[in-house]
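Heads up: the structure comes next, in structure tokens.
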Amino acid sequence: MKKIKHILVLMFVLMVFGQSLYAQNSNTNDIQIGPYLSSEIDVPTGAQATLLYKLNQILTKNGTVNETNALFILTANVTTLSKDVTPTMPPMQAYTFQVSFYLGNGIDGNVFSTYSLTAKGVGTNELKAYNN
């Protein structure tokens with residue numbers, strides 16, 4: 001009888017505290033980050049769509065994406081470091097870019113983290129080089 005009483009008390013405690021433990025792990029408490037590109041970015045329009053897609057892909061892979069009304073944003077800026085035309089047939093355009101990623105508050109403009117990398121793209125025209 002004593003053993004049954006302990007089991008019932010344990011079940012009751014698990015039922016009461018189990019609900020609150022589940023609430024702590026729900027997706028509503030996760031930090032949500034939205035991809036964002038400024039309209040002032042100096043990138044061709046087709047490449048802007050590709051860059052925004054890549055930002056969204058990064059966030060989705062990590063399970064933190066929120067495309068609407070996100071307090072925190074992940075954004076990028078692309079600076080062209082060099083532009084060359086290759087001496088091949090057909091001539092190709094080769095670009096070297098500095099891609100900077102910023103994680104910050106979308107309302108206040110506070111930046112929490114930055115990361116930069118150098119990327120190269122080659123294509124038959126400017127848009128293809130940016131997308132590559």
Side-chain angles (χ1 to χ4, degrees):
M1 185 73 172
K2 198 174 194 181
K3 196 173 199 177
I4 294 174
K5 189 176 181 182
H6 287 316
I7 291 173
L8 289 175
V9 170
L10 181 61
M11 287 176 54
F12 176 75
V13 169
L14 287 175
M15 285 176 36
V16 170
F17 291 111
Q19 292 295 332
S20 63
L21 292 176
Y22 177 75
Q24 293 297 319
N25 293 329
S26 69
N27 289 335
T28 58
N29 292 334
D30 292 342
I31 294 176
Q32 299 292 299
I33 304 171
Y36 174 77
L37 276 185
S38 171
S39 58
E40 299 173 8
I41 191 169
D42 188 27
V43 175
T45 306
Q48 286 180 10
T50 302
L51 183 57
L52 188 61
Y53 173 76
K54 289 294 185 184
L55 291 173
N56 197 6
Q57 193 175 32
I58 291 168
L59 294 172
T60 302
K61 183 177 180 182
N62 292 297
T64 58
V65 69
N66 182 356
E67 295 185 37
T68 57
N69 301 323
L71 174 62
F72 301 105
I73 60 169
L74 176 66
T75 188
N77 190 25
V78 179
T79 305
T80 303
L81 299 177
S82 68
K83 175 184 173 184
D84 300 308
V85 178
T86 63
T88 60
M89 270 316 216
M92 304 287 271
Q93 294 187 17
Y95 285 81
T96 303
F97 305 106
Q98 178 78 32
V99 184
S100 301
F101 297 94
Y102 304 95
L103 179 64
N105 186 317
I107 296 172
D108 298 343
N110 294 334
V111 176
F112 302 123
S113 181
T114 62
Y115 178 76
S116 295
L117 59 92
T118 303
K120 294 184 179 192
V122 179
T124 55
N125 59 37
E126 180 184 29
L127 179 61
K128 289 183 180 179
Y130 268 89
N131 284 334
N132 289 335

Which residues satisfy the side chain to side chain donor-acceptor pair (under 3.5 Å) test with Asn131, sequence neighbours excluded?
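For Asn131 the side chain to side chain donor-acceptor pair (under 3.5 Å) partners, ignoring immediate neighbours, are Thr50.
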With sequence neighbours excluded, what pairs up with Thr45 under the side chain to side chain donor-acceptor pair (under 3.5 Å) test?
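Per chain and number, Thr45 pairs via side chain to side chain donor-acceptor pair (under 3.5 Å) with no residue.
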Looking at every non-hydrogen atom in both residues, tell me the closest pair between [X] and [Y] and how far apart they are.
{"X": "Lys83", "Y": "Tyr95", "answer": "CE-OH, 3.2 Å"}
{"X": "Val78", "Y": "Phe97", "answer": "CG1-CD2, 3.6 Å"}
{"X": "Thr114", "Y": "Val111", "answer": "CG2-CG1, 3.7 Å"}
{"X": "Leu37", "Y": "Ala76", "answer": "CD2-O, 3.7 Å"}
{"X": "Gln98", "Y": "Thr118", "answer": "OE1-OG1, 3.7 Å"}
{"X": "Leu127", "Y": "Pro44", "answer": "CD1-CB, 4.1 Å"}

[X] [atom1] to [Y] [atom2] distance, which is reported to the nearest 0.5 Å:
{"X": "Leu74", "Y": "Leu59", "atom1": "CG", "atom2": "CG", "result": "5.0 Å"}
{"X": "Lys61", "Y": "Asn56", "atom1": "NZ", "atom2": "CG", "result": "14.0 Å"}
{"X": "Ser116", "Y": "Tyr102", "atom1": "OG", "atom2": "OH", "result": "5.5 Å"}

Tell me, with the steps shown, if Ile41 and Leu51 meet side chain to side chain contact (heavy atoms under 4.5 Å, CB included).
CA-CA 11 Å; Ile41 191 169; Leu51 183 57; 3.9 Å; yes
Could you walk me through whether Asn125 and Lys128 pass side chain to side chain contact (heavy atoms under 4.5 Å, CB included), step by step?
CA-CA 6 Å; Asn125 59 37; Lys128 289 183 180 179; 3.4 Å; yes
State whether the side chain of [X] and the backbone N or O of [Y] hold a donor-acceptor pair below 3.5 Å, judged by distance alone.
{"X": "Asn77", "Y": "Ser100", "answer": "no"}
{"X": "Thr80", "Y": "Ser82", "answer": "no"}
{"X": "Thr86", "Y": "Met92", "answer": "yes"}

Between Leu55 and Phe101, is a side chain to side chain contact (heavy atoms under 4.5 Å, CB included) present by the stated rule, with each step listed?
CA-CA 9 Å; Leu55 291 173; Phe101 297 94; 3.8 Å; yes
Any link between Leu71 and Tyr36 through a network of hydrophobic side chains (Ile, Leu, Val, Met, Phe, Trp, Tyr) touching at under 4.5 Å?
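Hydrophobic grouping puts Leu71 apart from Tyr36.
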Hphob cluster co-occupancy, Ile33 + Phe112, side-chain heavy atoms under 4.5 angstrom:
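Ile33 clusters together with Phe112.
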Does OH belonging to Tyr115 count more than 12 external heavy atoms closer than 6.0 Å?
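Counting other residues, nucleotides and ligands, OH of Tyr115 stays at 12 neighbours or fewer.
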Is there a side chain to side chain contact (heavy atoms under 4.5 Å, CB included) between Leu117 and Val99 once you walk through the steps?
CA-CA 5 Å; Leu117 59 92; Val99 184; 4.2 Å; yes
